[in-house]
K.L.:
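Here it is, the structure in full.
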Amino acid sequence: MNSMNTETKCMTWAKSVLLLSMLAALSSDALAQNRPAPARPAANDNGDAETEMFKPLNYKGPPVATPRLSDGKPDLSGFWQGVRDKSVPGGNHGKDQPGFILPLSEKGKRAMIYSQNHAPDPEAVCINGGIPRHNSSGLPFEILHTADRFATLYHYTTHRSASVGPKRELPPREQIGKTYFGTNVAYWDGDTLVVETSGLRDSSFEKIWLDENGNPTSDQTKVIERWSRPDYHHLRLEETVIDPKYYREPFKFTRTWNYGGDGRGVGNTPATKTMSSTSISDRAPA
């Protein structure tokens with residue numbers, strides 16, 4: 001399935017409501033972040049929202065230092081666009097595996113066959129993709145980040161958030177309900193933000209896929225995301241999926257996104273915004 005086509009159909013006015021609610025939830029620490037002041041792109045009354053959403057930032061300058069939060073940790077905030085590698089299948093969590101095939105158990109193989117042949121792609125009928133699926137999506141997304149909160153806003157009316165604090169254990173599985181985004185804990189490992197998630201739905205009897213390939217995920221899945229920002233214009237994820245029900249062993253998934261430009265975001269109305277040739281995003285931030 002093409003996530004760009006299916007997810008785009010599910011966008012509504014709720015994006016604006018979502019952005020306002022997430023901004024209200026984030027602390028005022030954002031005002032103290034050590035990063036360049038955003039420059040708004042020039043207005044264009046004739047711009048098309050989807051065209052502008054996917055227009056890449058053409059930054060070709062030297063590497064720019066990673067922005068920092070008030071506590072000195074990297075600021076992961078920004079509008080991020082994926083880079084399509086045509087040598088691997090897009091949207092497939094098996095892209096880093098031999099033959100692009102995940103290490104499915106026998107039960108996992110049966111669950112995948114069922115997903116691919118007897119159930120529609122949940123995102124095609126506007127059901128949340130959840131975690132880890134959104135990490136392999138071809139669509140841009142936005143991060144809002146402060147010293148104690150980490151929130152991801154996705155392309156069509158969904159989001160998740162995490163409280164950032166000391167390293168701690170996830171609650172026992174039997175004590176948490178199952179959702180598309182699960183229950184998480186977030187903490188720093190040096191300059192890498194780690195988000196651990198469990199309490200996810202199960203592909204065998206609930207409408208959820210691990211990725212666009214129809215690979216399954218289970219109620220025993222644990223996802224460990226390691227987010228880093230090596231420089232101003234790049235965001236990197238190293239993810240480990242542990243699911244003893246459907247997979248013989250844990251597997252990894254890596255991804256890099258490019259910064260999409262100042263003044264842009266999932267909650268914006270890009271139909272009235274285009275990239276300016278003089279935008280601060282097109283050159284090194286002052």
Side-chain angles (χ1 to χ4, degrees), residues 1-12 14-15 18-19 22 49-57 76 78-97 100 102 115-116 120-144 150-162 179-182 184 195 197 200-201 203 207-217 221 223-227 234-241 251-260 264-268 270:
M1 298 291 297
N2 186 319
S3 65
M4 186 179 300
N5 291 334
T6 58
E7 293 184 26
T8 297
K9 294 178 182 178
C10 298
M11 292 191 301
T12 71
K15 283 197 287 189
L18 170 63
L19 180 63
M22 292 307 303
E50 290 311 301
T51 299
E52 293 304 316
M53 180 69 73
F54 293 99
K55 181 183 293 184
L57 172 68
L76 307 179
F79 177 61
W80 300 101
Q81 297 174 311
V83 181
R84 178 64 189 274
D85 182 352
K86 295 183 179 179
S87 66
V88 298
N92 183 357
H93 258 64
K95 74 175 187 64
D96 299 326
Q97 305 300 315
F100 310 130
L102 293 175
S115 294
Q116 291 180 335
D121 180 347
E123 287 191 354
V125 291
C126 298
I127 294 175
N128 289 343
I131 291 296
R133 178 168 179 172
H134 275 316
N135 289 335
S136 61
S137 170
L139 299 176
F141 74 109
E142 185 173 4
I143 290 177
L144 302 179
F150 174 79
T152 48
L153 281 67
Y154 299 104
H155 190 61
Y156 72 119
T157 70
T158 59
H159 76 279
R160 63 156 176 174
S161 63
T179 66
Y180 290 101
F181 289 96
N184 60 50
V195 182
T197 302
L200 297 164
R201 294 177 182 267
S203 299
K207 296 181 175 64
I208 187 169
W209 288 7
L210 178 87
D211 56 15
E212 293 179 26
N213 198 50
N215 285 304
T217 182
T221 296
V223 182
I224 303 173
E225 301 162 84
R226 296 179 59 84
W227 294 94
H234 297 94
L235 179 74
R236 180 169 175 79
L237 169 66
E238 295 181 4
E239 176 192 89
T240 301
V241 177
F251 58 88
K252 294 185 180 297
F253 173 84
T254 61
R255 186 85 186 272
T256 298
W257 288 265
N258 285 339
Y259 185 64
R264 304 177 80 191
V266 173
N268 290 351

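If you're wondering where the values come from, they're calculated on a predicted model, not measured in any experiment. In what follows, residues are counted from 1 in the order of the sequence shown.
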K.L.:
Minimum heavy-atom separation for Y259 to G78, with atom names?
P.N.:
CE1-CA, 3.9 Å
K.L.:
Working to the nearest 0.5 Å, report the span between CD1 of I127 and OG1 of T158.
P.N.:
12.5 Å
K.L.:
Out of curiosity, L139 CG to E123 CD, how far, rounded to the nearest 0.5 Å?
P.N.:
8.0 Å
K.L.:
For R255, check salt bridge (charged side-chain N to carboxylate O under 4.0 Å, His left out) against everything at least two apart and list the hits.
P.N.:
none
K.L.:
Is there a side-chain contact (heavy atoms from CB on, under 4.5 Å) between L235 and L76 once you walk through the steps?
P.N.:
CA-CA 7 Å; L235 179 74; L76 307 179; 4.1 Å; yes
K.L.:
Could you tell me whether the side chain of N128 and the main chain of G130 form a donor-acceptor pair under 3.5 Å?
P.N.:
no
K.L.:
Donor-acceptor pair, distance only, cut-off 3.5 Å: does the side chain of N213 make one with the backbone of N215?
P.N.:
no
K.L.:
Kindly compute the distance separating CZ (F253) from OG (S136), expressed to the nearest 0.5 Å.
P.N.:
5.0 Å
K.L.:
Kindly compute the distance separating CG (N184) from CZ (R160), expressed to the nearest 0.5 Å.
P.N.:
6.5 Å
K.L.:
Looking only at side-chain N and O atoms, does N135 offer a donor or acceptor that is under 3.5 Å from a partner on E225?
P.N.:
yes
K.L.:
How far apart are the closest heavy atoms of Y154 and H159, and which atoms are they?
P.N.:
CD1-CA, 4.2 Å
K.L.:
Taking side chain as C-beta onward, heavy atoms only, is V83 less than 4.5 Å from T256?
P.N.:
no
K.L.:
Take H234 and N258, measure what side-chain contact (heavy atoms from CB on, under 4.5 Å) needs, and give me the verdict at the end.
P.N.:
CA-CA 5 Å; H234 297 94; N258 285 339; 3.1 Å; yes
K.L.:
Between CG of L102 and CG of N92, what distance do you get to the nearest 0.5 Å?
P.N.:
6.0 Å
K.L.:
Is it true that a side-chain atom of Q81 and a backbone atom of G138 form a donor plus acceptor pair closer than 3.5 Å?
P.N.:
no
K.L.:
Mind checking ring pair (Phe, Tyr, Trp, His ring centres under 6.0 Å) for F79 and listing every partner two or more places apart, or none if nothing turns up?
P.N.:
none
K.L.:
Hydrogens and angles aside, do E212 and H93 bring a side-chain donor and acceptor to less than 3.5 Å of each other?
P.N.:
no
K.L.:
Would you say P122 and R133 make side-chain contact, with heavy atoms under 4.5 Å?
P.N.:
yes
K.L.:
If you take all heavy atoms of F181 and T197, which pair is closest and at what distance?
P.N.:
O-CG2, 3.3 Å
K.L.:
How long is the span from the CH2 atom in W80 to the CG atom in L237, to the nearest 0.5 Å?
P.N.:
12.5 Å
K.L.:
Looking at every heavy atom in both P132 and V241, which two are closest together, and how far apart are they?
P.N.:
CG-CG2, 4.4 Å
K.L.:
We want to know whether D96 and T254 form a side-chain donor-acceptor pair, criterion being a heavy-atom distance below 3.5 angstrom.
P.N.:
yes
K.L.:
Which atom pair, heavy atoms only, marks the closest approach of P216 to L210?
P.N.:
O-CB, 3.6 Å
K.L.:
Go through it in stages, so that I can follow the logic: the residues are I224 and V195, the test is side-chain contact (heavy atoms from CB on, under 4.5 Å), and I'd like the CA-CA distance, side-chain angles, deciding distance and then a yes or no.
P.N.:
CA-CA 6 Å; I224 303 173; V195 182; over 6 Å; no
K.L.:
Using the side-chain contact (heavy atoms from CB on, under 4.5 Å) rule, take R201 and Y180 through it: C-alpha gap first, then chi angles, then the decisive distance, then the call.
P.N.:
CA-CA 6 Å; R201 294 177 182 267; Y180 290 101; 3.4 Å; yes
K.L.:
If every non-hydrogen atom of F251 is compared with every non-hydrogen atom of Q97, which pair is closest and at what distance?
P.N.:
CB-NE2, 3.9 Å
